[in-house]
Amino acid sequence: MARRNQHSREELQALAVHAVRELVAEQGLAKLSVRKVAERIRYTPGMLYHVFANLDDLILHANAATLDTLLAEMETDTTASPQQALHHMASAYLDLAREQTALWQMVFMHRMQKAAPVPDWYLQRTAQLFAQVEQQVARLAHGQSGPEIHLAARTLWSSVHGIAVLAAENKLDVAGDVDEQAMLDSLLQHYLNSWPGK
């Protein structure tokens, strides 16, 4: 085991988050435990509890890293049209679901133990994702109210998420083996062309 003072608190946190991401990618979320994370980084479980409140806290930090990656990938050129920006953002989301499926699923599958509240710092990250989508949808609005833009952004992104779920779980064969990117393109084209009542 590593010595107690071998890494700073921030370094230990980063090591643990990296280990969570590796373990989930290899074995899935169901098999994750603080003990396995501690073994992977050669520390004791007790040391991890000095850095993280519990397994939920550790998972949320790992999920935050995934969301940070996604948010960075979703950034678009300021010269892009809202349609181009939304296509880019949706494709980045789908790519993450296909290429880092276990980590992408962990963001949505994890449930806090004993219905504990999700901390504000994590909610702010998830809000950033919807804020990016809503910003582009707002650029297409012609006199629509804030609530209408809010609803449209979440309706669109829920549909994108549904396609990503089917692609990540290899369930698209039930739809007749349709290409998920083609489905995504069709969704965005038809939704954006019809909203807001053009």
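Only a predicted model underlies this, so the values are computations on that prediction, with no experimental measurement involved.
Taking every heavy atom of both residues into account, Leu94 and Ala167 meet most closely at CD1-CB, 3.9 Å. Across all their heavy atoms, Ala102 and Ala25 have their closest contact at CB-CA, 3.9 Å. Between Ala85 and Ala80, the closest heavy-atom pair is N-CB, 4.3 Å. When all heavy atoms of Ala16 and Leu48 are compared, the closest pair comes out as CB-CD2, 3.8 Å. Minimum heavy-atom separation, Ala62 to Val20: CB-CG1, 3.5 Å. Pairing each heavy atom of Leu86 with each of Leu188, the nearest pair is O-CD1, 4.1 Å.
Between His61 and Trp121, the ring planes are tilted. Angles from 30° to 60° get that label. By the 30° and 60° cut-offs, the orientation of the rings of Tyr93 relative to Trp157 is perpendicular.
Expressed to the nearest 0.5 Å, how far CD of Glu10 lies from CG of Leu12 amounts to 9.5 Å. Between the CD atom of Gln83 and the CG atom of Leu192 there is a distance of 6.0 Å, given to the nearest 0.5 Å. With rounding to the nearest 0.5 angstrom, the OG1 atom of Thr76 is 9.5 Å from the CD atom of Gln84. Rounded to the nearest 0.5 angstrom, Tyr191 OH and Leu140 CG are separated by 10.5 Å. The distance from the CG atom of Leu184 to the CD atom of Gln189 is 12.0 Å, given to the nearest 0.5 Å. Rounded to the nearest 0.5 Å, atoms OG1 (Thr66) and CZ (Arg125) are 10.5 Å apart.
A 4.5 Å side-chain heavy-atom check between Ile59 and Leu29 finds at least one atom pair inside the cut-off. At least one side-chain heavy atom of Leu123 sits less than 4.5 Å from a side-chain heavy atom of Asp120. The side-chain heavy atoms of Trp104 and Asn63, taken from C-beta on, include no pair separated by under 4.5 Å. Annotation: side chain of Thr44 is in contact with side chain of Met47 (closest heavy-atom distance under 4.5 Å). Residues Glu26 and Lys31 are not in side-chain contact: their nearest non-hydrogen atoms beyond the backbone lie 4.5 Å or more apart.
For the residue pair Arg139 / Ser81, no side-chain donor-acceptor distance below 3.5 Å is found, with atom types taken as modelled. No hydrogens or angles considered: a donor-acceptor pair under 3.5 Å links the side chains of Asp185 and Gln181. Looking only at atom types and distance, the side chain of Glu22 has a donor-acceptor partner in the side chain of His18 under 3.5 Å away.
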How far apart are the C-alpha atoms of Asp57 and Asn54, what are their side-chain angles, what is the distance that settles it, and do they pass the side chain to side chain contact (heavy atoms under 4.5 Å, CB included) test? CA-CA 5 Å; Asp57 189 28; Asn54 49 38; 3.6 Å; yes
Walk me through whether Arg154 and Glu134 qualify under salt bridge (Lys or Arg N to Asp or Glu O under 4.0 Å). CA-CA 8 Å; Arg154 278 150 184 78; Glu134 194 165 326; 2.8 Å; yes
Begin from the C-alpha positions of Ile41 and His7 and carry the test side chain to side chain contact (heavy atoms under 4.5 Å, CB included) through to its verdict. CA-CA 11 Å; Ile41 64 175; His7 296 101; over 6 Å; no
Go through the steps to decide whether Leu96 and Glu73 satisfy the test side chain to side chain contact (heavy atoms under 4.5 Å, CB included), and finish with yes or no. CA-CA 9 Å; Leu96 184 67; Glu73 291 295 325; over 6 Å; no
Side chain to side chain contact (heavy atoms under 4.5 Å, CB included) between Gln27 and Leu32, worked out: CA-CA 8 Å; Gln27 304 172 13; Leu32 184 68; over 6 Å; no
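Of the candidates Leu70, Leu71, Leu67, Asp68, Gln128 forms a side-chain contact (heavy atoms from CB on, under 4.5 Å) with just one, namely Leu71. Partner of Glu39 under the salt bridge (charged side-chain N to carboxylate O under 4.0 Å, His left out) criterion, chosen from Arg42, Arg35, Lys36: Arg35.
Between the His110 side chain and the Leu60 main chain, no donor and acceptor come within less than 3.5 Å of each other. In terms of modelled atom types and a separation under 3.5 Å, the side chain of Ser186 and the main chain of Ala182 share no donor-acceptor contact. Looking only at distances, no side-chain donor or acceptor of Arg40 sits under 3.5 Å from a matching main-chain atom of Leu15. The main-chain N or O of His88 is never found under 3.5 Å from a side-chain atom of Ser91 such that the two would form a donor-acceptor pair. Remark: side-chain polar atoms of Ser158 are not paired, donor with acceptor, to backbone N or O of Thr155 under 3.5 angstrom.
Criterion: ILVMFWY side-chain heavy atoms under 4.5 Å apart, direct or through other members. Under it, Leu156 and Phe108 are part of a common hydrophobic cluster. Cluster membership check: Ile149 shares its hydrophobic cluster with Phe130, using side-chain heavy-atom separations under 4.5 Å among Ile, Leu, Val, Met, Phe, Trp and Tyr. Note on Met89: it does not cluster hydrophobically with Leu151, by side-chain heavy-atom contacts below 4.5 Å among ILVMFWY residues. Both Met109 and Val17 are assigned to one and the same hydrophobic cluster, defined by single-linkage of ILVMFWY side chains at heavy-atom distances under 4.5 Å.
With respect to the salt-bridge test (charged N to carboxylate O, under 4.0 angstrom), the residues Arg98 and Glu180 qualify.
Aromatic rings of Trp195 and His142 (six-membered ring for Trp) have centroids beyond the 6.0 Å cut-off, not under it.
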